[in-house]
There are 2 protein chains.
Amino acid sequence: MAVEGKGDDSPQQPGLTRQALVRAALRVLEREGVGGLSMRRLASELGVKAPSLYWHVRNKEELLDLLTDELMADAQAPPREGDWREQLREYCVRYRRHLLGKRDAAKVVAGRLVPGPHLLRLMEDQLGRLREAGFADADAAMINYLLGAFVQGFVLQELGPLSASEAMGADRREVATAAGEQLRRLPPETFPHLVALAGDLTGPSMEARFSFALERVLDGLSTLLEQSSGVREEGTSHE
Amino acid sequence: MAVEGKGDDSPQQPGLTRQALVRAALRVLEREGVGGLSMRRLASELGVKAPSLYWHVRNKEELLDLLTDELMADAQAPPREGDWREQLREYCVRYRRHLLGKRDAAKVVAGRLVPGPHLLRLMEDQLGRLREAGFADADAAMINYLLGAFVQGFVLQELGPLSASEAMGADRREVATAAGEQLRRLPPETFPHLVALAGDLTGPSMEARFSFALERVLDGLSTLLEQSSGVREEGTSHE
DNA sequence: ACCTGAACACCGTTCAAGT
DNA sequence: ACCTGAACACCGTTCAAGT
(Lines give C-alpha, C1' and ligand atoms only; values in the text may rest on other atoms or scores of the structure.)
Protein backbone atom coordinates (compact mmCIF):
# COMPACT_ATOMS: atom_id res chain seq x y z
CA MET A 1 0.00 0.00 0.00
CA ALA A 2 2.90 2.36 0.65
CA VAL A 3 3.38 3.11 -3.01
CA GLU A 4 5.50 6.23 -3.03
CA GLY A 5 8.92 5.12 -1.80
CA LYS A 6 11.18 8.16 -1.72
CA GLY A 7 14.28 5.97 -1.89
CA ASP A 8 16.26 7.99 0.64
CA ASP A 9 16.88 7.44 4.34
CA SER A 10 13.24 7.66 5.53
CA PRO A 11 11.97 4.08 5.98
CA GLN A 12 8.29 4.94 6.53
CA GLN A 13 6.96 8.27 5.33
CA PRO A 14 5.82 10.30 8.33
CA GLY A 15 2.78 11.94 6.73
CA LEU A 16 4.23 15.31 7.54
CA THR A 17 7.52 16.47 6.09
CA ARG A 18 9.26 19.75 6.69
CA GLN A 19 8.89 20.25 2.95
CA ALA A 20 5.14 19.60 3.03
CA LEU A 21 4.88 21.95 5.97
CA VAL A 22 6.61 24.77 4.18
CA ARG A 23 4.72 24.29 0.96
CA ALA A 24 1.43 24.36 2.87
CA ALA A 25 2.56 27.53 4.60
CA LEU A 26 3.15 29.07 1.18
CA ARG A 27 -0.40 28.18 0.11
CA VAL A 28 -1.88 29.65 3.30
CA LEU A 29 0.19 32.81 2.84
CA GLU A 30 -1.06 33.19 -0.71
CA ARG A 31 -4.67 32.63 0.31
CA GLU A 32 -4.89 34.50 3.64
CA GLY A 33 -1.95 36.88 3.75
CA VAL A 34 0.62 37.18 6.46
CA GLY A 35 -2.01 38.05 9.06
CA GLY A 36 -3.86 34.84 8.34
CA LEU A 37 -0.82 32.60 8.49
CA SER A 38 -1.17 31.07 11.95
CA MET A 39 0.10 27.77 13.25
CA ARG A 40 -3.48 26.68 13.73
CA ARG A 41 -4.54 27.47 10.18
CA LEU A 42 -1.43 25.88 8.80
CA ALA A 43 -2.20 22.75 10.80
CA SER A 44 -5.75 22.58 9.49
CA GLU A 45 -4.44 23.07 5.95
CA LEU A 46 -2.49 19.88 6.54
CA GLY A 47 -5.39 18.05 8.17
CA VAL A 48 -3.66 17.98 11.51
CA LYS A 49 -3.79 19.73 14.89
CA ALA A 50 -1.61 22.68 15.74
CA PRO A 51 0.63 21.03 18.35
CA SER A 52 1.77 18.48 15.76
CA LEU A 53 3.68 21.17 13.93
CA TYR A 54 5.99 21.57 16.89
CA TRP A 55 7.37 18.13 16.26
CA HIS A 56 8.72 19.26 12.89
CA VAL A 57 9.61 22.84 13.66
CA ARG A 58 10.90 24.53 16.80
CA ASN A 59 8.47 27.44 16.64
CA LYS A 60 6.80 29.85 14.25
CA GLU A 61 10.00 31.81 13.76
CA GLU A 62 11.72 28.75 12.35
CA LEU A 63 8.73 28.11 10.11
CA LEU A 64 9.02 31.66 8.77
CA ASP A 65 12.74 31.19 8.21
CA LEU A 66 12.02 28.11 6.12
CA LEU A 67 9.23 29.92 4.32
CA THR A 68 11.57 32.80 3.55
CA ASP A 69 13.87 30.54 1.61
CA GLU A 70 10.97 28.75 -0.05
CA LEU A 71 9.77 32.13 -1.31
CA MET A 72 13.02 32.35 -3.25
CA ALA A 73 12.63 28.91 -4.80
CA ASP A 74 11.41 30.10 -8.18
CA ALA A 75 13.24 33.42 -8.30
CA GLN A 76 15.05 33.78 -11.60
CA ALA A 77 18.46 35.25 -12.19
CA PRO A 78 18.42 37.48 -15.27
CA PRO A 79 20.05 36.40 -18.55
CA ARG A 80 23.74 37.16 -18.96
CA GLU A 81 23.13 39.81 -21.58
CA GLY A 82 24.41 43.35 -21.64
CA ASP A 83 27.00 44.90 -19.34
CA TRP A 84 27.15 44.48 -15.59
CA ARG A 85 24.91 47.47 -15.08
CA GLU A 86 22.17 46.12 -17.27
CA GLN A 87 22.40 42.78 -15.48
CA LEU A 88 22.29 44.27 -11.99
CA ARG A 89 19.34 46.43 -12.96
CA GLU A 90 17.55 43.39 -14.25
CA TYR A 91 18.38 41.56 -11.01
CA CYS A 92 16.72 44.23 -8.93
CA VAL A 93 13.74 44.68 -11.22
CA ARG A 94 13.10 40.95 -11.22
CA TYR A 95 13.56 40.62 -7.49
CA ARG A 96 11.05 43.39 -6.90
CA ARG A 97 8.58 41.83 -9.29
CA HIS A 98 9.13 38.46 -7.67
CA LEU A 99 8.37 39.82 -4.20
CA LEU A 100 5.35 41.76 -5.42
CA GLY A 101 4.10 38.66 -7.22
CA LYS A 102 3.73 36.60 -4.06
CA ARG A 103 1.24 37.91 -1.55
CA ASP A 104 2.93 39.60 1.41
CA ALA A 105 6.28 38.05 0.51
CA ALA A 106 8.17 41.19 1.49
CA LYS A 107 6.52 41.20 4.90
CA VAL A 108 7.79 37.69 5.57
CA VAL A 109 11.24 38.22 4.10
CA ALA A 110 11.85 41.73 5.42
CA GLY A 111 14.03 41.59 8.53
CA ARG A 112 15.06 38.00 7.96
CA LEU A 113 18.66 37.08 7.08
CA VAL A 114 18.34 33.41 6.21
CA PRO A 115 21.09 31.76 4.17
CA GLY A 116 18.85 29.04 2.76
CA PRO A 117 19.76 27.00 -0.31
CA HIS A 118 17.70 29.03 -2.77
CA LEU A 119 19.12 32.31 -1.60
CA LEU A 120 22.65 30.89 -1.68
CA ARG A 121 22.15 29.87 -5.30
CA LEU A 122 21.21 33.44 -6.24
CA MET A 123 24.02 34.96 -4.18
CA GLU A 124 26.55 32.69 -5.83
CA ASP A 125 25.38 33.77 -9.25
CA GLN A 126 25.31 37.47 -8.45
CA LEU A 127 28.70 37.44 -6.76
CA GLY A 128 30.14 35.80 -9.84
CA ARG A 129 28.83 38.55 -12.08
CA LEU A 130 30.07 41.27 -9.73
CA ARG A 131 33.59 39.84 -9.72
CA GLU A 132 33.59 39.46 -13.49
CA ALA A 133 32.52 43.08 -13.75
CA GLY A 134 35.72 44.00 -11.94
CA PHE A 135 34.50 44.75 -8.44
CA ALA A 136 36.91 43.92 -5.63
CA ASP A 137 35.91 40.94 -3.52
CA ALA A 138 35.06 43.02 -0.47
CA ASP A 139 32.99 45.38 -2.63
CA ALA A 140 31.16 42.52 -4.35
CA ALA A 141 30.11 41.17 -0.95
CA MET A 142 28.92 44.59 0.20
CA ILE A 143 27.02 45.21 -3.03
CA ASN A 144 25.28 41.87 -2.77
CA TYR A 145 24.00 42.82 0.66
CA LEU A 146 23.17 46.34 -0.38
CA LEU A 147 21.01 45.32 -3.31
CA GLY A 148 19.07 42.79 -1.26
CA ALA A 149 18.38 45.26 1.53
CA PHE A 150 17.51 47.95 -0.99
CA VAL A 151 14.91 45.97 -2.90
CA GLN A 152 13.38 44.36 0.17
CA GLY A 153 13.11 47.66 1.98
CA PHE A 154 11.62 49.32 -1.03
CA VAL A 155 8.99 46.69 -1.66
CA LEU A 156 8.06 46.69 2.00
CA GLN A 157 7.24 50.39 1.79
CA GLU A 158 5.29 49.64 -1.34
CA LEU A 159 3.13 46.99 0.35
CA GLY A 160 1.71 49.17 3.07
CA PRO A 161 -1.16 51.47 2.22
CA LEU A 162 0.15 54.66 0.67
CA SER A 163 -1.16 56.69 3.57
CA ALA A 164 -3.15 56.43 6.78
CA SER A 165 -6.33 56.94 4.83
CA GLU A 166 -5.99 53.32 3.96
CA ALA A 167 -6.20 50.25 1.86
CA MET A 168 -9.90 49.98 2.66
CA GLY A 169 -11.59 52.21 0.14
CA ALA A 170 -10.07 54.48 -2.45
CA ASP A 171 -7.37 53.30 -4.84
CA ARG A 172 -3.78 54.53 -4.85
CA ARG A 173 -4.26 57.23 -7.46
CA GLU A 174 -7.04 58.89 -5.47
CA VAL A 175 -5.18 58.63 -2.19
CA ALA A 176 -2.10 60.15 -3.78
CA THR A 177 -3.93 63.14 -5.21
CA ALA A 178 -5.74 63.61 -1.90
CA ALA A 179 -2.38 63.62 -0.13
CA GLY A 180 -1.21 66.16 -2.68
CA GLU A 181 -4.15 68.41 -1.85
CA GLN A 182 -3.35 68.08 1.82
CA LEU A 183 0.23 69.18 1.23
CA ARG A 184 -0.85 72.11 -0.89
CA ARG A 185 -3.10 73.34 1.91
CA LEU A 186 -0.24 73.55 4.42
CA PRO A 187 0.74 77.04 5.64
CA PRO A 188 3.19 78.21 2.96
CA GLU A 189 5.22 80.38 5.32
CA THR A 190 6.34 77.42 7.46
CA PHE A 191 6.22 74.72 4.75
CA PRO A 192 7.18 76.49 1.52
CA HIS A 193 8.94 73.48 0.00
CA LEU A 194 6.23 70.94 0.84
CA VAL A 195 3.64 73.23 -0.71
CA ALA A 196 5.75 73.88 -3.79
CA LEU A 197 6.67 70.24 -4.31
CA ALA A 198 3.28 68.76 -3.38
CA GLY A 199 2.80 67.39 -6.87
CA ASP A 200 6.33 66.07 -7.15
CA LEU A 201 6.04 64.36 -3.80
CA THR A 202 2.71 62.64 -4.31
CA GLY A 203 2.63 62.22 -8.06
CA PRO A 204 5.17 59.56 -8.96
CA SER A 205 4.11 55.93 -9.01
CA MET A 206 5.96 53.32 -7.01
CA GLU A 207 7.37 52.03 -10.30
CA ALA A 208 8.85 55.44 -10.97
CA ARG A 209 10.21 55.81 -7.45
CA PHE A 210 11.83 52.41 -7.63
CA SER A 211 13.52 52.92 -10.95
CA PHE A 212 14.71 56.38 -9.95
CA ALA A 213 16.28 54.95 -6.81
CA LEU A 214 17.72 52.01 -8.71
CA GLU A 215 19.44 54.22 -11.28
CA ARG A 216 21.00 56.30 -8.48
CA VAL A 217 22.37 53.16 -6.84
CA LEU A 218 23.70 51.89 -10.15
CA ASP A 219 25.35 55.26 -10.77
CA GLY A 220 26.98 54.95 -7.39
CA LEU A 221 28.31 51.51 -8.26
CA SER A 222 29.67 52.87 -11.53
CA THR A 223 31.59 55.50 -9.64
CA LEU A 224 33.03 52.88 -7.31
CA LEU A 225 34.11 50.70 -10.19
CA GLU A 226 35.81 53.59 -11.99
CA GLN A 227 37.58 54.69 -8.83
CA SER A 228 38.94 51.26 -7.95
CA SER A 229 40.02 50.38 -11.49
CA GLY A 230 41.56 53.83 -11.74
CA VAL A 231 43.51 53.15 -8.56
CA ARG A 232 44.62 49.84 -9.93
CA GLU A 233 45.96 51.45 -13.11
CA GLU A 234 47.70 54.48 -11.69
CA GLY A 235 48.09 53.40 -8.07
CA THR A 236 51.06 52.07 -6.13
CA SER A 237 50.02 48.45 -6.51
CA HIS A 238 52.82 45.95 -5.84
CA GLU A 239 52.37 44.34 -9.26
CA MET B 1 -10.20 71.26 41.92
CA ALA B 2 -9.65 71.08 38.18
CA VAL B 3 -6.33 72.85 38.41
CA GLU B 4 -4.69 72.17 35.08
CA GLY B 5 -6.72 74.20 32.63
CA LYS B 6 -5.30 73.65 29.17
CA GLY B 7 -6.88 76.84 27.93
CA ASP B 8 -7.99 75.43 24.60
CA ASP B 9 -11.34 74.09 23.49
CA SER B 10 -11.62 71.17 25.95
CA PRO B 11 -13.92 72.25 28.81
CA GLN B 12 -13.37 69.23 31.08
CA GLN B 13 -10.26 67.13 30.64
CA PRO B 14 -11.28 63.64 29.57
CA GLY B 15 -8.63 61.73 31.53
CA LEU B 16 -7.49 60.16 28.30
CA THR B 17 -6.13 62.21 25.44
CA ARG B 18 -4.88 60.95 22.12
CA GLN B 19 -1.57 62.47 23.15
CA ALA B 20 -1.51 60.60 26.45
CA LEU B 21 -2.42 57.46 24.60
CA VAL B 22 0.44 57.78 22.15
CA ARG B 23 2.97 58.70 24.79
CA ALA B 24 1.95 55.69 26.86
CA ALA B 25 2.32 53.52 23.76
CA LEU B 26 5.85 54.83 23.40
CA ARG B 27 6.66 53.83 26.97
CA VAL B 28 5.22 50.35 26.49
CA LEU B 29 7.16 49.96 23.26
CA GLU B 30 10.39 50.93 24.97
CA ARG B 31 9.72 48.56 27.88
CA GLU B 32 8.23 45.51 26.15
CA GLY B 33 9.16 45.78 22.49
CA VAL B 34 6.83 45.64 19.53
CA GLY B 35 5.63 42.16 20.45
CA GLY B 36 4.57 43.37 23.88
CA LEU B 37 2.70 46.40 22.65
CA SER B 38 -0.91 45.21 22.82
CA MET B 39 -4.06 47.22 23.27
CA ARG B 40 -4.60 45.47 26.58
CA ARG B 41 -1.17 46.30 27.93
CA LEU B 42 -1.45 49.85 26.70
CA ALA B 43 -4.77 50.17 28.48
CA SER B 44 -3.35 48.88 31.75
CA GLU B 45 -0.43 51.30 31.39
CA LEU B 46 -3.06 54.01 31.41
CA GLY B 47 -5.03 52.48 34.29
CA VAL B 48 -7.96 51.73 32.06
CA LYS B 49 -9.59 48.77 30.30
CA ALA B 50 -8.83 47.86 26.71
CA PRO B 51 -12.19 48.75 25.14
CA SER B 52 -11.79 52.34 26.33
CA LEU B 53 -9.01 52.86 23.83
CA TYR B 54 -11.44 52.38 20.99
CA TRP B 55 -13.17 55.58 21.95
CA HIS B 56 -10.02 57.55 21.15
CA VAL B 57 -8.65 55.54 18.30
CA ARG B 58 -10.30 53.60 15.51
CA ASN B 59 -8.13 50.52 15.90
CA LYS B 60 -4.56 49.40 16.54
CA GLU B 61 -3.45 50.39 13.05
CA GLU B 62 -4.38 54.00 13.74
CA LEU B 63 -2.57 53.83 17.06
CA LEU B 64 0.55 52.64 15.27
CA ASP B 65 0.22 55.43 12.72
CA LEU B 66 0.15 57.96 15.53
CA LEU B 67 3.03 56.21 17.25
CA THR B 68 5.03 56.33 14.02
CA ASP B 69 4.94 60.07 13.95
CA GLU B 70 5.58 60.32 17.68
CA LEU B 71 8.75 58.30 17.13
CA MET B 72 9.97 61.15 14.95
CA ALA B 73 9.22 63.81 17.55
CA ASP B 74 12.78 64.22 18.80
CA ALA B 75 14.59 63.42 15.57
CA GLN B 76 17.17 66.08 14.85
CA ALA B 77 18.05 67.54 11.48
CA PRO B 78 21.82 67.87 11.13
CA PRO B 79 23.57 71.26 11.30
CA ARG B 80 23.84 73.22 8.08
CA GLU B 81 27.58 72.71 7.82
CA GLY B 82 29.55 71.41 4.89
CA ASP B 83 28.30 70.77 1.36
CA TRP B 84 25.03 69.05 0.47
CA ARG B 85 26.72 65.67 0.45
CA GLU B 86 28.01 66.05 3.97
CA GLN B 87 24.59 67.19 5.12
CA LEU B 88 22.71 64.35 3.47
CA ARG B 89 25.16 61.84 4.88
CA GLU B 90 24.63 63.28 8.32
CA TYR B 91 20.87 63.12 7.77
CA CYS B 92 21.02 59.41 7.08
CA VAL B 93 23.51 58.62 9.82
CA ARG B 94 21.38 60.44 12.37
CA TYR B 95 18.16 58.90 11.16
CA ARG B 96 19.68 55.45 11.48
CA ARG B 97 20.98 56.20 14.96
CA HIS B 98 17.64 57.64 15.91
CA LEU B 99 15.79 54.51 14.84
CA LEU B 100 18.33 52.23 16.49
CA GLY B 101 18.09 54.29 19.67
CA LYS B 102 14.40 53.57 20.24
CA ARG B 103 13.52 49.97 20.82
CA ASP B 104 11.96 48.34 17.74
CA ALA B 105 11.30 51.74 16.20
CA ALA B 106 12.12 50.47 12.71
CA LYS B 107 9.64 47.62 13.09
CA VAL B 108 6.87 50.08 13.82
CA VAL B 109 7.87 52.61 11.19
CA ALA B 110 8.82 50.17 8.43
CA GLY B 111 5.97 49.84 5.94
CA ARG B 112 4.14 52.91 7.22
CA LEU B 113 3.80 56.07 5.13
CA VAL B 114 2.36 58.53 7.61
CA PRO B 115 2.62 62.24 6.87
CA GLY B 116 2.44 63.30 10.51
CA PRO B 117 3.55 66.73 11.71
CA HIS B 118 6.98 65.65 12.92
CA LEU B 119 7.81 63.90 9.69
CA LEU B 120 6.55 66.88 7.69
CA ARG B 121 8.89 69.15 9.61
CA LEU B 122 11.89 67.00 8.66
CA MET B 123 10.76 66.65 5.06
CA GLU B 124 10.39 70.40 4.73
CA ASP B 125 13.90 70.91 5.99
CA GLN B 126 15.47 68.25 3.81
CA LEU B 127 13.64 69.34 0.68
CA GLY B 128 14.94 72.85 1.26
CA ARG B 129 18.52 71.67 1.39
CA LEU B 130 18.08 69.50 -1.70
CA ARG B 131 16.76 72.43 -3.71
CA GLU B 132 19.52 74.70 -2.49
CA ALA B 133 22.03 72.06 -3.54
CA GLY B 134 20.72 72.42 -7.06
CA PHE B 135 18.54 69.36 -7.46
CA ALA B 136 15.49 69.74 -9.68
CA ASP B 137 12.17 69.76 -7.84
CA ALA B 138 11.10 66.36 -9.10
CA ASP B 139 14.49 64.93 -8.15
CA ALA B 140 14.41 66.45 -4.70
CA ALA B 141 11.06 64.81 -4.03
CA MET B 142 12.34 61.45 -5.27
CA ILE B 143 15.51 61.71 -3.23
CA ASN B 144 13.57 62.52 -0.11
CA TYR B 145 11.57 59.32 -0.53
CA LEU B 146 14.62 57.31 -1.50
CA LEU B 147 16.62 58.24 1.56
CA GLY B 148 13.76 57.47 3.92
CA ALA B 149 13.10 54.08 2.39
CA PHE B 150 16.81 53.34 2.29
CA VAL B 151 17.51 54.02 5.95
CA GLN B 152 14.33 52.40 7.21
CA GLY B 153 14.88 49.29 5.13
CA PHE B 154 18.46 49.06 6.22
CA VAL B 155 17.76 49.41 9.93
CA LEU B 156 14.98 46.87 9.68
CA GLN B 157 17.47 44.30 8.37
CA GLU B 158 19.77 45.28 11.16
CA LEU B 159 17.16 44.67 13.86
CA GLY B 160 16.49 41.03 13.07
CA PRO B 161 18.93 38.44 14.33
CA LEU B 162 21.87 38.20 11.96
CA SER B 163 20.97 34.63 11.08
CA ALA B 164 18.54 31.84 11.92
CA SER B 165 20.82 30.69 14.72
CA GLU B 166 19.32 33.52 16.66
CA ALA B 167 19.17 36.38 19.04
CA MET B 168 18.86 33.93 21.92
CA GLY B 169 22.41 32.98 22.76
CA ALA B 170 25.59 33.94 20.99
CA ASP B 171 26.42 37.56 20.15
CA ARG B 172 26.67 38.93 16.63
CA ARG B 173 30.42 38.47 16.24
CA GLU B 174 30.18 34.76 17.03
CA VAL B 175 27.17 34.23 14.81
CA ALA B 176 28.94 36.01 11.96
CA THR B 177 32.09 33.93 12.16
CA ALA B 178 29.98 30.77 12.46
CA ALA B 179 28.13 31.80 9.31
CA GLY B 180 31.51 32.37 7.68
CA GLU B 181 32.59 28.85 8.56
CA GLN B 182 29.36 27.50 7.13
CA LEU B 183 29.97 29.29 3.84
CA ARG B 184 33.57 28.06 3.68
CA ARG B 185 32.37 24.47 4.03
CA LEU B 186 30.10 24.68 0.98
CA PRO B 187 31.08 22.52 -2.04
CA PRO B 188 33.57 24.76 -3.90
CA GLU B 189 32.71 23.37 -7.33
CA THR B 190 29.10 24.62 -7.16
CA PHE B 191 29.68 27.63 -4.88
CA PRO B 192 33.15 28.92 -5.74
CA HIS B 193 32.32 32.57 -5.08
CA LEU B 194 30.53 32.02 -1.79
CA VAL B 195 33.47 29.97 -0.56
CA ALA B 196 36.01 32.51 -1.75
CA LEU B 197 34.13 35.50 -0.35
CA ALA B 198 32.97 33.86 2.89
CA GLY B 199 34.99 36.28 4.97
CA ASP B 200 33.96 39.32 2.96
CA LEU B 201 30.31 38.34 3.21
CA THR B 202 30.17 37.66 6.93
CA GLY B 203 32.93 39.90 8.24
CA PRO B 204 31.70 43.48 7.90
CA SER B 205 29.73 45.02 10.74
CA MET B 206 26.36 46.58 10.16
CA GLU B 207 28.02 49.97 10.63
CA ALA B 208 30.36 49.19 7.77
CA ARG B 209 27.58 47.87 5.54
CA PHE B 210 25.49 50.94 6.15
CA SER B 211 28.21 53.44 5.43
CA PHE B 212 29.30 51.55 2.33
CA ALA B 213 25.75 51.62 1.02
CA LEU B 214 25.34 55.25 1.99
CA GLU B 215 28.45 56.36 0.11
CA ARG B 216 27.25 54.52 -2.99
CA VAL B 217 23.89 56.31 -2.83
CA LEU B 218 25.60 59.66 -2.31
CA ASP B 219 27.85 58.97 -5.28
CA GLY B 220 24.76 58.26 -7.31
CA LEU B 221 23.24 61.57 -6.28
CA SER B 222 26.47 63.35 -7.21
CA THR B 223 26.26 61.89 -10.67
CA LEU B 224 22.67 63.04 -11.02
CA LEU B 225 23.53 66.55 -9.92
CA GLU B 226 26.44 66.82 -12.33
CA GLN B 227 24.33 65.52 -15.20
CA SER B 228 21.41 67.86 -14.65
CA SER B 229 23.54 70.96 -14.02
CA GLY B 230 25.57 69.96 -17.10
CA VAL B 231 22.37 69.85 -19.11
CA ARG B 232 21.34 73.24 -17.78
CA GLU B 233 24.63 74.82 -18.84
CA GLU B 234 25.03 73.36 -22.28
CA GLY B 235 21.46 72.27 -22.96
CA THR B 236 18.71 73.76 -25.08
CA SER B 237 16.99 75.50 -22.18
CA HIS B 238 14.59 78.28 -23.17
CA GLU B 239 16.38 80.81 -20.97
C1' DA C 1 -18.92 62.02 26.40
C1' DC C 2 -16.32 58.55 28.10
C1' DC C 3 -15.53 54.08 30.27
C1' DT C 4 -16.49 48.95 31.53
C1' DG C 5 -18.10 43.79 31.58
C1' DA C 6 -18.77 40.31 29.05
C1' DA C 7 -18.19 38.01 25.15
C1' DC C 8 -16.48 36.41 20.35
C1' DA C 9 -13.22 34.53 17.72
C1' DC C 10 -8.98 33.99 17.69
C1' DC C 11 -3.48 33.51 18.89
C1' DG C 12 1.57 30.64 20.10
C1' DT C 13 3.17 27.15 22.92
C1' DT C 14 3.60 23.31 26.41
C1' DC C 15 2.91 18.87 28.00
C1' DA C 16 1.02 14.72 29.48
C1' DA C 17 -1.08 11.24 27.06
C1' DG C 18 -2.10 8.33 23.30
C1' DT C 19 -0.62 5.01 19.17
C1' DA D 1 8.46 8.47 16.10
C1' DC D 2 4.66 11.15 15.45
C1' DC D 3 0.21 13.07 16.69
C1' DT D 4 -3.70 14.86 19.95
C1' DG D 5 -6.58 16.96 24.01
C1' DA D 6 -6.54 19.99 27.11
C1' DA D 7 -4.88 23.82 28.97
C1' DC D 8 -2.27 28.40 29.78
C1' DA D 9 -1.74 32.87 28.93
C1' DC D 10 -2.64 35.72 25.86
C1' DC D 11 -4.68 38.60 21.45
C1' DG D 12 -8.01 42.64 18.68
C1' DT D 13 -12.52 44.09 18.58
C1' DT D 14 -17.62 44.72 19.38
C1' DC D 15 -21.44 46.09 21.94
C1' DA D 16 -24.80 46.64 25.31
C1' DA D 17 -24.66 48.77 29.52
C1' DG D 18 -23.24 51.92 32.90
C1' DT D 19 -22.16 57.03 34.67
Worksheet entry | Residue list, side chain to side chain donor-acceptor pair (under 3.5 Å) with A/Gln152, at least two apart or on another chain | A/Tyr95, B/Gln157
Worksheet item: To the nearest Å, how far apart are A/Leu16 CG and D/dT4 C1'?
Response: 13 Å
Discussion item. On the nucleotide D/dC3, are OP1 or OP2 found under 4.0 Å from the side-chain N or O atoms that A/His56 carries?
Written reply: yes
Response to the item:
Residues of residues 23-35 of chain A with a heavy atom under 4.0 Å from any atom of DNA chain D, listed by number, are none
Practice prompt. Report the residue (A/Tyr54 or B/Leu53) whose heavy-atom-nearest nucleotide on DNA chain C is the more 5′ of the two.
Written response: B/Leu53
Worksheet item: At what distance, to the nearest 0.5 angstrom, does CZ of B/Arg121 lie from CZ of A/Phe191?
Response: 9.0 Å
Discussion item. Within residues 41-52 of chain A, which residues have any heavy atom lying less than 4.0 Å from an atom of DNA chain C?
Written reply: A/Arg41, A/Pro51
Discussion item. So, applying side-chain contact (heavy atoms from CB on, under 4.5 Å) with A/Val34, which one of A/Val108, A/Leu159, A/Leu64 is it?
Written reply: A/Val108
Worksheet item: Mind checking whether A/Tyr145 and B/Phe154 have parallel, tilted or perpendicular rings, split at 30° and 60°?
Response: perpendicular
Discussion item. Using the salt bridge (charged side-chain N to carboxylate O under 4.0 Å, His left out) criterion, which residues pair with A/Arg18? Sequence neighbours excluded.
Written reply: A/Glu62
Worksheet entry | Ionic contact status for A/Arg96 with A/Glu158, cut-off 4.0 Å | yes
Fill in: For atom CD of A/Glu62 and atom P of C/dT13, their distance in whole Å
11 Å
Worksheet item: Between atom CZ in A/Arg40 and atom C1' in C/dC11, what is the gap in whole Å?
Response: 6 Å
Discussion item. Without decimals, in angstroms, what is the distance between B/Lys60 NZ and C/dC10 P?
Written reply: 18 Å
Practice prompt. Calculate, to the nearest 0.5 Å, the distance between atoms NE2 and OG1 belonging to A/His56 and A/Thr17 respectively.
Written response: 8.0 Å
Item to complete: Pick the C1' atom in C/dC3 and in D/dA16, then give their distance to the nearest Å.
Response: 13 Å
Worksheet, complete the sentence: A/Met39 atom CE is separated from C/dC10 atom P, nearest whole Å, by 18 Å
Discussion item. When you measure from the side-chain N and O atoms of A/Trp55 to the phosphate of D/dC2, is any distance below 4.0 Å, counting only OP1 and OP2?
Written reply: yes
Worksheet item: Salt bridge between B/Glu32 and B/Arg103, side-chain N to carboxylate O under 4.0 Å?
Response: no
Worksheet item: Can you tell me how far P of D/dC11 sits from CG of B/Asn59, to the nearest Å?
Response: 17 Å
Discussion item. What's the gap between D/dA9 and C/dA9 when it is taken at their P atoms, as a whole Å value?
Written reply: 23 Å
Discussion item. Nearest 0.5 angstrom please: A/Leu194 CG to A/Gln182 CD, how far?
Written reply: 10.5 Å
Practice prompt. First locate atom CZ of B/Arg112, then atom CG of B/Leu119, and finally report the distance between them rounded to the nearest 0.5 Å.
Written response: 13.5 Å
Worksheet item: With Watson-Crick and G-U wobble geometry limited to distances under 3.5 Å, how should the secondary structure of DNA chain C be encoded in dot-bracket form, using | for bases paired to another strand and [ ] for crossing pairs?
Response: ||.|||||...|||||.||
Fill in: Side-chain ion pair, B/Arg129 and B/Glu124, N-O less than 4.0 Å
no
Discussion item. From CD of B/Glu61 over to P of D/dG12, roughly how many Å is that when rounded to an integer?
Written reply: 12 Å
Table please: side-chain donor-acceptor pairs of residues 41-50 of chain A below 3.5 Å, with sequence neighbours left out.
{"residue": "A/Arg41", "atom": "NE", "partner": "A/Gly36", "partner atom": "O", "Å": "2.9"}
{"residue": "A/Ser44", "atom": "OG", "partner": "A/Arg41", "partner atom": "O", "Å": "3.2"}
{"residue": "A/Glu45", "atom": "OE1", "partner": "A/Arg31", "partner atom": "NH2", "Å": "2.3"}
{"residue": "A/Glu45", "atom": "OE2", "partner": "A/Arg27", "partner atom": "NE", "Å": "2.9"}
{"residue": "A/Glu45", "atom": "OE2", "partner": "A/Arg27", "partner atom": "NH2", "Å": "3.0"}
{"residue": "A/Glu45", "atom": "OE2", "partner": "A/Arg31", "partner atom": "NH2", "Å": "3.4"}

